[in-house]
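Accompanying notes for the structure given below.
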Amino acid sequence: MNPEKDFAPLTPNIVRALNDKLYEKRKVAALEIEKLVREFVAQNNTVQIKHVIQTLSQEFALSQHPHSRKGGLIGLAACSIALGKDSGLYLKELIEPVLTCFNDADSRLRYYACEALYNIVKVARGAVLPHFNVLFDGLSKLAADPDPNVKSGSELLDRLLKDIVTESNKFDLVSFIPLLRERIYSNNQYARQFIISWILVLESVPDINLLDYLPEILDGLFQILGDNGKEIRKMCEVVLGEFLKEIKKNPSSVKFAEMANILVIHCQTTDDLIQLTAMCWMREFIQLAGRVMLPYSSGILTAVLPCLAYDDRKKSIKEVANVCNQSLMKLVTPEDDELDELRPGQRQAEPTPDDALPKQEGTASGGPDGSCDSSFSSGISVFTAASTERAPVTLHLDGIVQVLNCHLSDTAIGMMTRIAVLKWLYHLYIKTPRKMFRHTDSLFPILLQTLSDESDEVILKDLEVLAEIASSPAGQTDDPGPLDGPDLQASHSELQVPTPGRAGLLNTSGTKGLECSPSTPTMNSYFYKFMINLLKRFSSERKLLEVRGPFIIRNEEGCPFILVADASDMKQTDLRLQLLDVKNNPYLIKALYGLLMLLPQSSAFQLLSHRLQCVPNPELLQTEDSLKAAPKSQKADSPSIDYAELLQHFEKVQNKHLEVRHQRSGRGDHLDRRVVL
């Protein structure tokens, strides 16, 4: 520093003491500066006040000489003390040079900068809030300072600033959020602890509604939840818990849609604490937001379904995931099968492919290993539905079906996940059959393949889905139903139940005719596809026939696939009633007579024979109106069948066969335990 330079109104003695290496001499100079500034304040001499501050800033605090910088810092603090309540008029000039010294390589100088800023803030109090962002930015860096004295000084300043924010109602949260969102992705433990402590403070201030800006910081909070430090994880748990309490209290003001994708990502992490916490949040979101979450169903299912196969080591995650799955399933209703038509003046609630996450480094992006590990890796888009809270939510099945198909196709997926997938498919076919039948051709092969599953329960659920497909009225129309997507034309025709006609006889020369068999009032073409494909698989996969064949045949409960059942567990009430409709079920009756011919003279034969004797003559079921409506030629060409005589003939034939079989082998009634309908 040039000793000949004029630093007026600072005297040469003050200048010399400010440059001294001894703290005590610099402190004496600071007292002289404080006295000088007080005189200028009393005279209202703002020009001289600004000149003193500028000199201390430019010539001392920003000097190349370390002792001069130390003198400048203590001199600026002295100016602030002298100014008192008027210090707010000069805060920018007072704060900026001090913050610059926060980056000094000398740890002692960084400590003196903390001390100087503490005195400046203590005097100004609420007047420093317009400069909060630069103060916070500087403190966030000092929180990770390696020097313990500097860190201690920054903590004192931090507590003072928190007190000021807490007691003030003029805090500018809007301008602060971008800085908070940036700093929250710090990997330094102390910086993370600093961030979490500030979020706790802001959350506790009644006049500050941090919940409105939760989507901006939620991802960062989940990142901090994975910190190696136990104390930091605990603090973050507390913060997230407080936010969740607020969400439950004020669900109407929560931006659920903007946070859905964040939860989807963190529900797939390998960190148990993060995954459990995110899954608990997802459970609350689904239950509180309801149908607002439907546009994110594919992502939610991608995250939730694998968790259903967890073992007892992750029992808590599995239980919460199960609740999420069940709650999401309940959101799908028959109304979702209606046309995607817009009402007049109504805006389509269409997801937009905007990125819901803030742009930062190190964001969690993956999930458990596997072919369906995440919605991004499997090619399924996770969308932000910006208008879902302003317009009715429309269920689009493309993404959901893709996720379900993906999980069902993955042989590495656990049994409980596969069962959950099949339950979802069954539920969708029940609630939204018209939309689902647009996806049946893509689902049908994997459903048939699932019949080879090792789990009996999986096969049972698979058969339930196949039975619903085969018997659904939605499959009896040439029009596959409403187009599934917002950009496709929503047009359809009424479902048509085809008039029963002559069903084609089995074509022994090929299966093409079988696969294209016409629908009946109770079965559609997928019934024939199922039966033919099942027979093909039994024929080509001998092991499937031997190991799974009896199980598949005996257990399709409540659906008209099966003709044979155990004597102790007869469940086909549906099938027996169809025997009353002789006219529309001729091949059913013929099949039963064919079975009767194959059975030995046993209790099974007697039971089936008795059942067939109850089959009514179709002419007896005709009403007077139907007789009048039928053409005369038809009446003449419709010979009646004497079923009693036919049964007697079968019984005689069977008696002869029985005698022959008893002579050839002494097996006896080896089929007595099996009865037929």
Side-chain angles (χ1 to χ4, degrees), residues 211 214-215 218 244 247-264 267 278-305 320-354 356 375 380-404 420 423-436 438-439 481-488 490:
L211 189 61
L214 182 57
L218 183 61
L244 196 56
I247 289 172
K248 292 178 181 179
K249 291 179 182 178
N250 308 289
S252 60
S253 61
V254 178
K255 300 173 181 177
F256 291 103
E258 296 182 22
M259 294 182 280
N261 290 338
I262 299 173
L263 297 183
V264 166
C267 280
M279 199 67 73
C280 289
W281 275 63
M282 184 68 77
R283 175 191 62 196
E284 299 300 330
F285 272 38
I286 296 172
Q287 294 177 350
L288 294 171
R291 291 179 60 84
V292 170
M293 300 296 288
L294 274 182
Y296 308 93
S297 297
S298 61
I300 296 172
L301 289 174
T302 299
V304 167
L305 287 174
V320 180
N322 186 55
V323 176
C324 291
N325 183 53
Q326 296 297 326
S327 300
L328 185 64
M329 190 179 291
K330 291 177 182 178
L331 298 180
V332 181
T333 66
E335 287 72 22
D336 289 310
D337 208 27
E338 296 176 357
L339 297 180
D340 300 342
E341 293 177 344
L342 295 180
R343 299 171 184 171
Q346 191 178 83
R347 183 180 176 185
Q348 176 69 41
E350 178 181 351
T352 56
D354 295 328
S375 53
I380 301 162
S381 299
V382 177
F383 294 114
T384 299
S387 60
T388 50
E389 294 174 299
R390 300 194 300 269
V393 176
T394 302
L395 178 68
H396 302 301
L397 293 181
D398 290 353
I400 297 176
V401 172
Q402 186 177 354
V403 171
L404 297 176
K423 286 182 178 180
W424 259 102
L425 290 172
Y426 183 79
H427 183 74
L428 292 174
Y429 272 110
I430 292 293
K431 299 296 183 182
T432 60
R434 293 189 296 174
K435 284 185 176 181
M436 278 301 293
R438 299 195 63 84
H439 303 278
L483 299 178
D484 186 27
D487 54 343
L488 300 177

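Treat the numbers as computed from the prediction; the structure is a model and nothing was measured. Because only heavy atoms are used, hydrogens play no part in the values below, and waters and symmetry mates are left out as well, while side chains stay in.
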Do K330 and I286 come within less than 4.5 Å of each other through their side chains, counting heavy atoms only?
no

Between Y296 (side chain) and N261 (backbone), is there a donor-acceptor pair under 3.5 Å?
no

What closest approach, in Å, do V304 and C324 show between heavy atoms, and which atom pair accounts for it?
CG2-CB, 4.1 Å

Any H439 side-chain heavy atom under 4.5 Å of D398 side chain
yes

Note, I300 side chain near M282 side chain (heavy atom, < 4.5 Å)
yes

Spatial distance of atom OG (S327) from atom CG (N322) [nearest 0.5 Å]:
9.0 Å

Just so I know, are the side chains of V264 and T302 near enough to count as touching, which here means a heavy-atom distance under 4.5 Å?
no

Quick one: does F256's side chain get under 4.5 Å of I247's, heavy atoms only?
yes

pair K255-L214: side-chain heavy atoms closer than 4.5 Å:
no

Trace of the side chain to side chain contact (heavy atoms under 4.5 Å, CB included) decision for L331 with V393
CA-CA 11 Å; L331 298 180; V393 176; over 6 Å; no

Do D337 and M436 pass the side chain to side chain contact (heavy atoms under 4.5 Å, CB included) test, and can you show the C-alpha distance, the side-chain angles, and the key distance before you say yes or no?
CA-CA 9 Å; D337 208 27; M436 278 301 293; over 6 Å; no

For T333, is there any backbone N or O sitting under 3.5 Å from a side-chain donor or acceptor partner on D336?
yes

L428 and L404, any side-chain heavy atoms less than 4.5 Å apart:
yes

Rounding to 0.5 Å, atoms CG (L395) and CD (E335) come to a distance of 12.0 Å

In Å, rounded to the nearest 0.5 Å, how long is the span from CG of L211 to NZ of K249?
11.5 Å

How many angstroms lie between atom CE of M259 and atom CD1 of I262, to the nearest 0.5 angstrom?
7.5 Å

Would a 4.5 Å heavy-atom cut-off, applied to side chains only, mark L218 and W281 as touching?
yes

Look at the side chain of H427 and the backbone N and O of M329, then say whether any donor-acceptor pair between them is shorter than 3.5 Å.
yes

Between the CZ atom in R434 and the OH atom in Y429, the distance rounded to the nearest 0.5 Å is 15.0 Å

Residues passing the side chain to side chain donor-acceptor pair (under 3.5 Å) test with N325, sequence neighbours excluded, are W424

